[in-house]
Structure formats: structure tokens, C-alpha cells
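Reckoned from all heavy atoms, side chains included, excluding hydrogens, waters and symmetry mates. Throughout, a chain's letter reflects where its sequence line sits, starting with A, and its residues are numbered from 1.
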Number of protein chains: 2
Amino acid sequence: MANLETDLYSVKDKMYAAADCIIFGFDSGKLKLLIFRRRVEPLKGEWSLIGSFVRLEEDVTEAAKRVLKEITGLENVFMEQLKTYGKADRDPGFRCLSIAQYALIRIDEYDEELVEKHGAHWYNIDAVPGLVLDHNKMVQDALERLRQKARYQPIGLNLLPEKFTIPQLQQLYEVIYQKELDSRNFRKKLLSLKVLIKLDEKDKTNSRRGAFLYKFDYKTYHELEKIGYNFEIS
Amino acid sequence: MANLETDLYSVKDKMYAAADCIIFGFDSGKLKLLIFRRRVEPLKGEWSLIGSFVRLEEDVTEAAKRVLKEITGLENVFMEQLKTYGKADRDPGFRCLSIAQYALIRIDEYDEELVEKHGAHWYNIDAVPGLVLDHNKMVQDALERLRQKARYQPIGLNLLPEKFTIPQLQQLYEVIYQKELDSRNFRKKLLSLKVLIKLDEKDKTNSRRGAFLYKFDYKTYHELEKIGYNFEIS
DNA sequence: TCAAAAGTGTTTGAGGTACACCCATGG
DNA sequence: CCATGGGTGTACCTCAAACACTTTTGA
């Protein structure tokens with residue numbers, strides 16, 4: 001990127017590719033998005049998704065992982081390609097495709113210091129400010145994908161700690177679907193799937209009585225998946 | 001593209017983007033794929049998806065439409081971005097992302113002459129030969145997407161003529177899902193959705209008795225869609 | 001008249017949805 | 001002892017799945 005501003009001819013003459021990350025988190029019953037203020041011109045100081053140019057010798061996936069690690073310190077995070085934004089005029093400076101990817105992170109695990117160092121902030125998903133370029137559209141598309149995908153695959157769990165309670169899980173699905181769920185039916189459905197392992201511990205942060213903690217049984221889940229089982233939470 | 005081979009330095013130094021199209025058709029009860037033999041080095045003569053570099057001043061979507069029109073003569077075809085293939089080493093010649101898009105076309109409408117002129121061929125989906133680079137993977141991914149998407153949205157209809165019979169439609173779903181369906185249940189389900197318009201004509205190509213032709217009622221469908229109706233065919 | 005595809009109803013079981021009360025505990 | 005969130009059971013109804021025979025008509 002160093003020569004971007006010095007070598008104008010080559011800049012205008014080239015195709016660039018950016019890996020932009022839509023980073024979701026879940027905290028205090030809210031779905032959150034990690035964004036930051038751009039540090040470079042153009043649009044310096046504006047809110048933006050976190051991204052980077054894809055280097056010539058680098059896989060697109062690697063670029064996204066690099067960005068994510070740089071800003072959160074996390075590796076091995078759930079991340080999936082959303083789609084590529086390829087309008088010729090989407091970036092007024094030069095021709096740049098954006099391969100958008102969304103990530104689901106456990107908000108209790110990220111490196112707070114690193115995040116602050118980069119000028120990043122967590123915003124409630126329903127209060128995201130105006131972002132640079134087509135980034136708001138990307139967030140909307142990512143949300144829709146998350147909603148769609150969470151219905152049939154247990155990806156939502158990537159937003160919770162490894163040990164979680166049923167009420168927590170229900171709350172998560174409620175914010176993803178934007179709809180209240182009946183706790184009796186939710187619990188019944190979840191347990192009938194046979195992929196939750198009940199632990200002996202309780203989480204007492206939300207009530208005197210405490211709620212039992214569970215872990216998701218990925219091993220069983222993957223076996224069931226092979227034989228055409230489908231996880232579905234409406 | 002003309003200077004690709006003359007200007008080696010710039011070739012190695014640049015990021016390219018290709019729009020590759022996975023073109024599906026449906027004919028004689030089979031799902032088909034349109035591929036062609038590469039006309040240029042490298043890999044000249046090998047089977048390949050149809051694609052083109054995305055021009056600097058062109059939207060990615062436009063590039064795909066351009067390719068599709070060039071080879072089939074068709075415009076206004078159902079086409080959707082599949083995903084971007086971005087491994088650094090996916091193309092041994094130079095750095096090239098591929099933004100893959102899949103298209104569903106009515107096989108009775110394409111321009112046969114044009115297709116032949118380009119050395120293209122329709123292959124049964126279960127007999128596709130080895131393709132160049134990662135193109136076989138793209139086809140697999142597109143198929144999976146088609147299967148997934150057809151379940152909840154009436155996109156399959158883009159593979160049939162405007163007027164179609166229920167048995168034809170059933171056959172289509174059978175090849176997409178790779179599974180036999182019960183004709184009584186299928187018909188019942190379809191008609192209960194209230195989005196098929198029965199015509200007075202019959203198609204007698206498949207039986208003496210003839211089967212009634214139907215049209216899909218997109219107008220009603222889109223209205224129902226707004227109020228949270230969901231089309232679903234298992 | 002017969003072969004071959006089109007078209008039609010009913011029964012059953014699984015699972016989604018609606019709904020209200022008791023339990024456990026710390027302050 | 002009580003306020004607060006955690007946890008449980010039942011009745012109903014919808015819909016998917018299984019299943020077999022009649023109709024039409026051109027050759």
C-alpha cells in the first residue's frame with residue numbers, strides 16, 4: 001500500500017481487492033458490530049468496517065484472518081465469505097473489489113487493548129452509524145445471512161462462551177430473529193436435538209437460583225449431520 | 001487482455017478478477033451444464049467454465065452478463081453470485097480472483113448457433129468432465145447452492161419454459177434434489193401454495209392424454225412474500 | 001383395447017404452538 | 001419471606017408422509 005499515493009498511474013490502472021470484515025459479537029443481550037474510524041485518507045475519521053487490501057501473494061481468506069487477528073488478537077474464529085461487492089464505482093478513488101466476510105466472535109475473549117489501540121468500537125446492531133462507501137449495505141447483508149444461516153446451523157454458538165445457559169441461548173436467538181420465543185418450547189426443542197451436554201455447574205450471574213450451564217456437543221452433531229440430520233430452530 | 005502476454009512485468013504485478021459463469025439448464029429430465037473448450041493458452045483445448053476478465057470500468061455483475069450474452073445470446077437471465085475463489089495459487093499464470101456466478105436458463109431459448117460457434121457443450125450434470133483450475137469445485141458449490149435455494153424460493157422455474165406442466169415441474173425438483181417425490185403429495189403441496197395459474201392448454205408431448213399447462217403467478221407470489229409467506233418444497 | 005402418463009383422497013403420526021404454574025435461592 | 005428468574009407438562013392442530021386406483025386418449 002505504501003506506493004499507492006506516489007504512483008498514480010499504476011493506481012488508476014489496476015484492480016484492487018479488499019477483504020472487509022463484518023465482525024459480530026453478543027453481549028448483555030444485544031447483538032453488536034465492531035467498527036472503527038479510518039486512519040487514512042480518503043474518508044479519514046469516518047466509521048468503517050475493518051479491512052485491508054488483499055496482497056498479491058495472499059489468499060483472500062488469509063487476508064481476512066490477518067485483519068481479524070490484527071484488531072482483536074483472535075485466531076480460529078468463525079468466519080465465512082458473505083459476498084463480493086464489485087460495482088465499478090463503489091470506491092471513488094480507484095477500482096477496488098471488496099470480498100466481504102463476516103465473523104462471529106465471543107465478545108468475552110477479544111483483546112480489549114488491541115481493539116482500543118485501533119480506534120475500534122462495539123456498536124449495537126440497531127444503532128450502527130453511517131459507514132463509509134457501501135459498508136452499511138454489507139452489514140445488512142451479513143445480518144440477513146446470519147439470520148438465515150442460524151436457522152439451520154448452530155453457528156450462533158460462536159457468539160456465546162463455550163459454557164452457556166439455555167436462557168442465554170434463547171436470548172441470543174431472540175436478538176438474531178428479532179422475535180420473542182416461548183421458553184418452554186425453546187427448551188424442549190433444543191434438548192430434543194440431543195446435542196447439548198448438561199454440566200454440573202450453574203451460572204448465577206442472572207438469578208439467585210442459577211441456571212445450569214451446557215456445552216454444545218460438536219462431535220455428536222457432526223455425526224448426526226452426516227446422516228442427514230438437520231438442526232433447525234424456528 | 002490484449003497486452004497480457006506482451007507486458008509480463010505488469011501481468012505478474014497485478015491482481016486480476018474474472019467473472020466465471022456456471023450455466024445450468026434443464027432438458028429431457030436432466031440437469032445440464034454449459035461448458036466450453038478454452039480457445040487460448042494456457043490450457044488451450046481443456047474444458048472450462050465460461051468466463052472473462054472483469055474490465056476496470058465494468059461492474060462484476062455486468063461482466064458476467066456480458067459473458068452470458070456473448071455465448072448464449074440471452075439477457076435478463078436469472079443469475080446470482082455464488083462466491084469468490086481467492087486462493088493465491090488458484091491460477092498458476094498470475095494472480096486472479098474468480099467471482100463465480102451461476103445462471104439458470106431456459107434451455108429452449110438459447111441461441112444454438114452462438115453456442116456452437118464458441119465451442120460450447122451441454123453436459124449432464126452427473127457426467128461433467130474434468131475442468132480447468134478449480135472449476136469443478138465451483139460447479140459442486142453451485143449445485144449445492146441451487147439445491148439449498150430451490151427449497152425455499154421458486155428459482156427452479158427459471159429452468160422451465162414459461163408454460164409448464166406439473167409433471168415437468170416435479171421432474172425438475174427430482175433432479176435438483178436427487179430424490180423421487182410422490183406425485184400426489186407434490187401436486188397437493190404445489191397447488192396449496194396458490195401461486196400456479198392453470199391454463200386451458202395441454203401439453204401432449206409426453207402422453208396421449210396430455211397434461212395441463214400452468215404459469216407461475218409472480219405477482220401474487222411477491223405480494224405473499226412481503227407478508228412473510230414462505231414457499232417451501234421438500 | 002390397451003399401454004402409458006395424468007390426475008385424484010384419505011389416514012396416520014410427528015412435531016410445532018399455545019398456554020400457567022411451581023421451584024430454588026439470596027438478600 | 002419474597003422477589004426474581006429457572007424450569008417443567010399437556011392439549012390441540014397442522015402438515016408431511018405413506019399409500020392405490022381411475023381417467024384419458026392415440027395408436
Atom-to-atom span, CD of A/Gln170 to C1' of D/dT8 - whole angstrom: 14 Å
Using atom CD of A/Gln171 as one end and atom P of D/dG7 as the other, report the distance to the nearest whole Å. 14 Å
Less than 6.0 angstrom separating the ring centers of A/Phe216 and A/Tyr218, yes or no? yes
Confirm from the modelled atom types if A/Arg209 and C/dA24 form a donor-acceptor pair under 3.5 Å, side chain to base only. no
Quick check on DNA chain C: between A/Lys202 and B/Thr165, whose nearest nucleotide comes earlier from the 5' end? B/Thr165
Shortest side-chain distance from A/Arg208, nucleotide among D/dG26, C/dG27, D/dG6: C/dG27
Check: A/Asp203/A/Thr205 side-chain N/O donor and acceptor closer than 3.5 Å: yes
A/Arg151 to A/Tyr177, cation-pi by 6.0 Å centre distance and 45° axis angle: yes
Please report, rounded to the nearest Å, how far the P atom of C/dA18 is from the CG atom of A/Leu181. 11 Å
So does A/Lys189 have more than 12 non-hydrogen atoms from other groups sitting under 6.0 Å from NZ? yes
Please give, in whole Å, the distance from C/dC23 C1' to A/Lys204 NZ? 13 Å
A side-chain contact here means heavy atoms from C-beta on lying under 4.5 Å apart; do B/Asn185 and B/Lys188 qualify? yes
So do A/Ile166 and A/Leu191 actually touch side chain to side chain, heavy atoms under 4.5 Å? yes
Measure from CG on B/Asn206 to C1' on D/dT24 and round the result to the nearest Å. 15 Å
Hydrogens and angles aside, do A/Gln140 and A/Glu144 bring a side-chain donor and acceptor to less than 3.5 Å of each other? no
Distance in angstrom units between A/Phe186 CZ and C/dC19 C1', rounded: 18 Å
List the protein contact pattern of nucleotides 8-17 of chain C with one symbol per nucleotide (5' to 3'): B for base contact, S for sugar-phosphate-only contact, - for none; contact means a heavy-atom distance under 4.0 Å. BBB-----SB
Rounded distance (Å) that lies between atom P of C/dA6 and atom CG of B/Leu213: 12 Å
Expressed as a whole number of angstroms, how long is the span from B/Leu190:CG to C/dA6:P? 14 Å
